[in-house]
Amino acid sequence: MTDHIKTSKAEGVLTLMMDRPDKKNALTDAMYKVLADQLEAAQEDGEVRVILIRGAGEAFTAGNDIGEFAAAAAGGGALGNVVRFIKALANNDKPLVAAVQGRAVGVGTTMLLHCDHVILADDAQLSTPFVSLALVPEAASSLLLPARIGHLRAFSMLALGEPVSAGDAVAWGLANATVPAAQLGSAAAEIVQRLARQPLGALIATKRLMRDAGTVTAHMDVESAQFVARLSSPEAREAFMAFAQRRAPDYTPFR
Ligand code: COA
């Protein structure tokens, strides 16, 4: 158990708050476990009609904890709960809403591709620097992102780690709306309350008609195999060491 995920349930809304602000809500295996447990339980919980994902502090999340990537690469850590988490997102039938402020890096952005309504604070910035870390995309983003925003924009995001502003994210269909940062909570509350009043059976049936979870989770498996292979590459070791040493990585010795 971790106290870095805060959960609350009220009036049909399950709120999952990533709460590790001193590390920009970087996600650890223990945090993924709580998120996966909560999402899986919400599927079966008749009291949950909508799920809201948030981050505490200045950032939504800085993505996977890079120290844990390094530990997994060295054989000392597990990535099982991140896979459970992304699959629970893909398999979830209830409306998923995200309210995003500041940086949303890596899985912080790719999880949004599984959400049904995304609200951004005007300071939000989405980025997926997988290749910059010598990794490959995850959470089916190599399938979902080009489908959503086109190959060229997706390639810039995935291959170059090009950040996307809140305004562009809305224009490209990655989010519904931007609001001033101070209004993010109230804007999210309004949409989740509206969704919670809708008939749940019809909502679930509509989500199932709109998404093919089987195709998405099968693509996750293909990505995961590549991801694990890249994780232990010399390039990736250099990436993780460079992050820990607060310097730019040098990939030129590797080919
Ligand atoms: N994993 C582990 N620790 C992380 C982290 C991550 N993904 N992101 C941030 N942190 C830690 C930093 O090491 C720092 O810890 P310290 O205070 O003990 O030194 C703390 O969180 C604050 O981060 P900092 O980099 O000082 O904040 P910033 O505002 O200057 O920059 C980011 C914020 C998100 C731009 C920057 O932290 C970053 O690029 N993080 C890595 C993002 C990433 O590549 N994630 C993986 C995607 S696959």
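Please read these numbers as outputs of a predicted model, since none were measured by experiment. Note that ligands are numbered from 1 as they come in the structure, with each ligand's atoms numbered from 1 the same way.
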Can a salt bridge be assigned to the pair [X] and [Y] using a cut-off of 4.0 Å between side-chain N and carboxylate O?
| X | Y | answer |
| --- | --- | --- |
| Lys24 | Asp65 | no |
| Arg84 | Glu40 | yes |
| Glu238 | Arg247 | yes |

> Nearest 0.5 Å, what's the CG-NZ distance between Leu14 and Lys94?
Replying inline: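 The NZ atom of Lys94 is 9.5 Å from CG of Leu14, to the nearest 0.5 Å.
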
Please write down residue, atom name and distance for the protein heavy atom closest to [atom].
| atom | answer |
| --- | --- |
| atom 39 (O) of ligand 1 | Phe243 CE1, 4.6 Å |
| atom 16 (P) of ligand 1 | Lys23 NZ, 3.5 Å |
| atom 6 (C) of ligand 1 | Ala26 CB, 3.5 Å |
| atom 1 (N) of ligand 1 | Ile66 N, 2.8 Å |
| atom 42 (C) of ligand 1 | Ala62 O, 3.3 Å |
| atom 46 (C) of ligand 1 | Leu133 CD1, 3.6 Å |

> Given Arg20, Arg103, Glu68, Lys24, which one has a non-hydrogen atom that is nearest to atom 35 (C) of ligand 1?
Replying inline: Arg103

[X] contact mode with ligand 1 (heavy-atom cut-off under 4.0 Å):
| X | result |
| --- | --- |
| Asn64 | backbone |
| Arg246 | side chain |
| Asp22 | backbone |

> Which of the atoms of ligand 1 are close to Val105, meaning less than 4.0 Å from one of its heavy atoms?
Replying inline: 42 (C), 43 (C), 45 (N), 47 (C)

> For ligand 1, which atoms sit closer than 4.0 Å to a heavy atom of Phe130?
Replying inline: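 What qualifies from ligand 1 is 48 (S).
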
> If we ignore angles and hydrogens, is there a donor and acceptor under 3.5 Å between the side chains of His4 and Thr28?
Replying inline: no

> Just by distance, with hydrogens left out, do Glu138 and Ser224 show a side-chain donor and acceptor under 3.5 Å apart?
Replying inline: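 Not at all, the side chains of Glu138 and Ser224 share no donor-acceptor pair under 3.5 Å.
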
> Looking at atom 30 (O) of ligand 1, would you say a protein heavy atom lies below 4.0 Å from it?
Replying inline: no

> For atom 18 (O) of ligand 1, is some protein heavy-atom partner under 4.0 Å away?
Replying inline: yes

> Given Asp93 and Lys207, is the salt bridge (charged side-chain N to carboxylate O under 4.0 Å, His left out) satisfied, shown in steps?
Replying inline: CA-CA 6 Å; Asp93 285 330; Lys207 245 191 106 158; over 6 Å; no

>> Between Arg230 (side chain only) and Ala236 (backbone N and O only), is there a donor and an acceptor less than 3.5 Å apart?
In response: no

> Do Asp29 and Lys33 pass the salt bridge (charged side-chain N to carboxylate O under 4.0 Å, His left out) test, and can you show the C-alpha distance, the side-chain angles, and the key distance before you say yes or no?
Replying inline: CA-CA 6 Å; Asp29 187 69; Lys33 180 179 184 313; over 6 Å; no

